Amino acid sequence: QVQLVQSGGGLVQAGGSLRLSCAASGNIVSMRTIGWYRQAPGKQRELVAVINSDNSTDSADSVKGRFIISRDNAKNAGYLQVNSLKPEDTAVYYCYVIVKVAGIWGSHAYWGQGTQVTVSS
């Protein structure tokens, strides 16, 4: 139905930047919300940022001013620009999308496979 492929993670020094990507494919009629979560070892998964279909955004206080979420509807893609990285940003980052799929009633959520971001001090 819908597949999400993430890319862009890696190892970076503190203060560095990465751009995480999330590309959706399948019989997508429309993409509603795109969001990013992260999960650090031994911690619960936390919501990092979301962007809605009207391009309104919200993000966790811990990343405000450093992380920027965006989307490209023509490509069915979402992005998370992560700047001024800190060691505490180290985590596996997951994207999710809420989409309307052709032939299926309602909107449904799909998750990416996760991408590791490691920030060294």
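If you're wondering where the values come from, they're calculated on a predicted model, not measured in any experiment. For the numbers below, each heavy atom of this structure counts, side chains included, while hydrogens, waters and symmetry mates do not.
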Nearest-0.5 Å distance, CZ of residue Arg71 to CE of residue Met31: 6.0 Å
Measure from NZ or CZ of Arg19 to the centre of the six-membered ring of Tyr79, then state whether that distance is under 6.0 Å and the direction lies within 45° of the axis. yes
Atom CG in Leu85, atom OG in Ser17: separation rounded to 0.5 Å? 6.0 Å
Got a donor-acceptor contact below 3.5 angstrom from the Thr90 side chain to the Val119 backbone? yes
Using ring pair (Phe, Tyr, Trp, His ring centres under 6.0 Å), reason through Phe67 and Trp36 one step at a time and then give a plain yes or no. CA-CA 11 Å; Phe67 290 11; Trp36 292 87; 10.0 Å; no
Donor-acceptor pair, distance only, cut-off 3.5 Å: does the side chain of Asn52 make one with the backbone of Asp54? no
Is the backbone N or O of Gly114 less than 3.5 Å from a side-chain atom of Gln6, with the two atoms forming a donor-acceptor pair by type? yes
Hphob cluster co-occupancy, Leu4 + Ile28, side-chain heavy atoms under 4.5 angstrom: yes
To the nearest 0.5 Å, what is the distance between CD on Gln81 and CZ on Arg66? 12.0 Å
Mind checking the CG-CD1 spacing from Asn55 to Ile34? Nearest 0.5 Å is all I need. 9.0 Å
Taking all non-hydrogen atoms of both residues, which atom of Leu80 and which atom of Ala49 are closest, and how far apart? CD1-CB, 4.2 Å
Let me confirm one number: the OG1-CD1 distance from Thr33 to Ile51, rounded to the nearest 0.5 Å. 9.5 Å
After noting the C-alpha distance and the side-chain angles of Val50 and Leu47, does the key distance pass the side-chain contact (heavy atoms from CB on, under 4.5 Å) rule? CA-CA 8 Å; Val50 294; Leu47 181 62; 3.7 Å; yes
Which value, rounded to the nearest 0.5 Å, describes the distance between Tyr110 atom OH and Ser25 atom OG? 11.0 Å
Group every Ile, Leu, Val, Met, Phe, Trp and Tyr by side-chain heavy-atom contacts under 4.5 Å, then state whether Val63 and Val92 land in the same group. no
Among side-chain atoms of Arg32 and Ser53, is any donor-acceptor pair under 3.5 angstrom? no
Who are the side-chain hydrogen bond (donor to acceptor under 3.5 Å, both in side chains) partners of Gln116, not counting sequence neighbours? Thr118
Would you give me the side-chain donor-acceptor pairs under 3.5 Å for residues 93-103, sequence neighbours excluded?
{"from": "Tyr93", "atom 1": "OH", "to": "Arg38", "atom 2": "NH1", "distance (Å)": "2.9"}
{"from": "Tyr93", "atom 1": "OH", "to": "Asp89", "atom 2": "O", "distance (Å)": "2.6"}
{"from": "Lys100", "atom 1": "NZ", "to": "Ile104", "atom 2": "O", "distance (Å)": "2.9"}

Write down the atom of Val117, the atom of Gly9, and the distance for their closest heavy-atom approach. CG2-CA, 4.3 Å
Looking at Thr57, Leu20, Val82, Val48, which one forms a side-chain contact (heavy atoms from CB on, under 4.5 Å) with Ile69? Thr57
Backbone N or O of Ser121 within a donor-acceptor pair of the Gln13 side chain at under 3.5 Å? no
Counting only heavy atoms not in Lys64, do more than 12 sit closer than 6.0 Å to its NZ atom? yes
